[in-house]
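Before any comments, here is the structure.
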Amino acid sequence: MLDFDVAAHADRAHADRPEAFVQGLPDERPAAPALGHLYARVAKHITPAEWPLIAREVEAIERLKRERNAVVLGHNYQAPEIFNTVADIVGDSLALAREAVTVDADVIVMAGVHFMAETAKLLNPSKTVLMPDMGAGCSLADSITAADIRLLKERYPGVPVVTYVNTSAEVKAESDYCCTSGNAVKVVRAVAKEWGVNRILMLPDEFLAQNVQKLVPELELIAWKGHCEVHERFTPQDIRDLRENHPGVVVLAHPECPPEVVAEADYAGSTAGMADYVRDEKPARVVLITECSMADNVAVNHPDIEFVRPCNLCPHMRRITLPNIRRALETMTTQVEIDPAIAGRARLAVERMLAIS
Ligand code: 13P
Ligand code: SF4
């Protein structure tokens with residue numbers, strides 16, 4: 001089953017967090033006992049010996065969040081010790097973009113990659129958006145420039161441009177609409193109808209465009225050669241080997257994977273789509289063909305499900321750490337700024353997407 005029209009998923013990491021933790025704890029209390037209830041959520045990844053150090057970072061971040069009136073947005077690929085502790089809002093790119101609009105805070109810290117922080121800033125121009133490590137990029141965002149889009153528009157006049165949210169603000173500014181993996185099918189269908197066309201430039205992820213193309217045979221999607229360096233590494237043989245070695249395993253794949261990989265999967269969807277599939281279908285044994293911290297985070301809420309865990313890590317997501325989140329809040333750096341001449345047009349593309357989805 002392929003379904004990229006998935007709803008953004010809720011803030012699960014927060015749902016069972018005791019009030020005492022959300023409200024904060026006096027600084028003089030010993031870190032580990034005070035936050036002991038959180039340890040259960042990260043126990044598979046953090047040893048008891050490591051925990052006191054981590055708990056102290058978490059306490060410091062919680063105190064700074066209160067002082068700065070800040071929230072931390074955490075992408076589903078964040079390390080468990082971030083996702084399950086300091087992240088106030090967690091989800092896929094679409095959920096984070098949506099939540100960024102409604103968030104009641106003066107400061108947003110992005111525990112994710114740079115394009116996600118830019119999107120948060122586009123939708124919250126009056127708020128301070130902090131990026132704990134400006135080097136947290138994305139191979140897809142790096143694969144295309146605003147000049148490339150201008151050239152494509154010259155080559156394909158009158159063809160609407162839909163760009164994946166994994167792009168820079170400059171690229172979004174040259175685009176007519178944004179999309180995410182969670183709403184790509186819905187967006188291209190709506191754009192085709194609105195513009196009265198059947199050709200759409202869908203950039204820059206070649207595999208996402210090819211996977212969406214299969215679901216909209218009535219349209220012609222023109223792709224670019226960008227790839228996600230994490231998802232392009234999976235092969236159809238990997239899936240066949242997983243099925244052989246783990247009989248009965250249900251295979252969920254992200255649509256940034258090559259189409260031959262998606263064809264071998266039981267379901268393809270955004271990170272939120274995969275989490276929702278696990279929650280709703282409760283497969284006895286499952287493998288998520290995506291960045292591997294995702295399985296760690298989903299597994300916390302499903303102790304009865306066996307997760308098979310091949311591991312492809314995103315080096316950009318891994319640049320975000322508890323110490324650099326703390327430093328960002330202490331020093332209020334690095335602030336994400338977008339040239340106003342670019343921001344207005346880029347915001348329009350994101351807002352058009354949100355209006356559709
Ligand atoms: P999602 O929108 O599915 O969360 O994906 C973002 C991403 O970077 C995937 O590699
Ligand atoms: Fe970019 Fe791929 Fe990393 Fe997602 S997993 S941030 S698409 S490099």
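All values below were derived from every heavy atom in this structure, side-chain atoms included, with hydrogens, water molecules and symmetry-related copies excluded. Just so you know, ligand 1 is whichever comes first in the structure, and atom 1 is the first atom listed for that ligand.
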Next on the checklist: Under a 4.0 angstrom heavy-atom cut-off, which atoms of ligand 1 come close to Asn166?
Outcome noted: 7 (C), 8 (O)
Item to check | Electrostatic pair Glu244:Arg240 at N-O distance under 4.0 angstrom | outcome: no
Next on the checklist: Does Lys282, at its NZ atom, have more than 12 non-hydrogen atoms belonging to other residues, nucleotides or ligands within less than 6.0 Å?
Outcome noted: yes
Checklist entry - Which residue holds the protein heavy atom closest to atom 4 (Fe) of ligand 2, what is that atom called, and what is the gap in Å? => result Tyr77 CE1, 4.0 Å
Next on the checklist: With respect to atom 3 (Fe) of ligand 2, please indicate if Cys314 possesses an N, O or S atom at a distance under 2.8 Å.
Outcome noted: yes
Next on the checklist: Under a 4.0 Å threshold between the charged nitrogen and the carboxylate oxygen, would Arg318 count as salt-bridged to Asp133?
Outcome noted: no
Next on the checklist: Under a plain distance cut-off of 3.5 Å, with no hydrogens placed, do Thr163 and Ser175 share a side-chain donor-acceptor pair?
Outcome noted: yes
Next on the checklist: At less than 4.0 angstrom from any non-hydrogen atom of Tyr77, what atoms of ligand 1 do you find?
Outcome noted: 7 (C), 9 (C), 10 (O)
Checklist entry - Can you list the ligand 1 atoms lying under 4.0 Å from a non-hydrogen atom of His231? => result 10 (O)
Checklist entry - Should you measure from each heavy atom of Cys138, which atoms of ligand 2 turn up under 4.0 Å away? => result 1 (Fe), 6 (S), 7 (S)
Next on the checklist: With nothing but distance in play, are any N or O atoms of Thr271 less than 3.5 Å from an N or O of ligand 1?
Outcome noted: yes
Next on the checklist: For the 3.5 Å polar cut-off, considering only N or O atoms, please tell me whether Ser93 and ligand 1 meet it.
Outcome noted: yes
Checklist entry - Taking 4.0 angstrom as the limit, do Arg309 and Asp296 come out as a salt bridge? => result yes
Checklist entry - Quick one: which ligand 2 atoms are inside 4.0 Å of a heavy atom on Leu140? => result 7 (S)
Checklist entry - Just by distance, with hydrogens left out, do Asp92 and Thr271 show a side-chain donor and acceptor under 3.5 Å apart? => result no
Checklist entry - Which bit of Glu291 is near ligand 1, meaning a heavy atom under 4.0 Å away: side chain, backbone, both or neither? => result neither
Next on the checklist: Does the residue His254 have a heavy-atom contact with ligand 1, meaning some pair of atoms that are separated by less than 4.0 Å?
Outcome noted: yes
Next on the checklist: Strictly below 4.0 Å, N to O, side chains only: are Arg243 and Glu264 in salt-bridge contact?
Outcome noted: no
Next on the checklist: Is it true that Asp238 and Thr235 share a donor-acceptor pair across their side chains at a distance under 3.5 Å?
Outcome noted: yes
Item to check | Polar proximity ligand 1 side, Ser270 side, N/O cut 3.5 Å exclusive | outcome: no
Checklist entry - Which atoms of ligand 1 have any heavy atom of Glu256 under 4.0 Å away? => result 7 (C), 9 (C), 10 (O)
Checklist entry - Ion pair present between Arg345 and Glu170, side-chain N to carboxylate O less than 4.0 angstrom? => result no
Checklist entry - Under 4.0 Å between a Lys/Arg side-chain N and an Asp/Glu carboxylate O for Lys65 and Glu62? => result yes
Next on the checklist: Pairs of nitrogen or oxygen atoms closer than 3.5 Å, one from Asn76 and one from ligand 1: do any exist?
Outcome noted: no
Checklist entry - With a cut-off of 4.0 Å, which atoms of ligand 2 are near a heavy atom of Ser139? => result 8 (S)
Next on the checklist: For atom 2 (Fe) of ligand 2, what's the nearest protein heavy-atom neighbour? Residue, atom name and distance, please.
Outcome noted: Cys228 SG, 2.3 Å
Item to check | For atom 7 (S) of ligand 2, the option (of Glu256, Glu291, Met116) bearing the nearest heavy atom | outcome: Glu256
Checklist entry - Which bit of Val165 is near ligand 1, meaning a heavy atom under 4.0 Å away: side chain, backbone, both or neither? => result neither
Next on the checklist: Under a 3.5 Å threshold, yes or no: a donor from one side chain and an acceptor from the other, between Glu281 and Tyr267?
Outcome noted: no
Checklist outcome for this item: ligand 1 to Ser181, heavy atom cutoff 4.0 Å, flagged ligand atoms 1 (P), 2 (O), 3 (O)
Next on the checklist: Once you measure the plane-to-plane angle for His231 and Phe234, does it fall in the parallel (<30°), tilted (30-60°) or perpendicular (>60°) bin?
Outcome noted: tilted
Checklist entry - Judged by modelled atom types alone, do Tyr77 and Thr290 share a side-chain donor-acceptor pair under 3.5 Å? => result yes
Checklist entry - Asn166 heavy atoms, cut-off 4.0 Å: which ligand 2 atoms fall inside? => result 7 (S)
Next on the checklist: Within ligand 1, which atoms have a heavy atom of Asp92 less than 4.0 Å away?
Outcome noted: 1 (P), 4 (O)
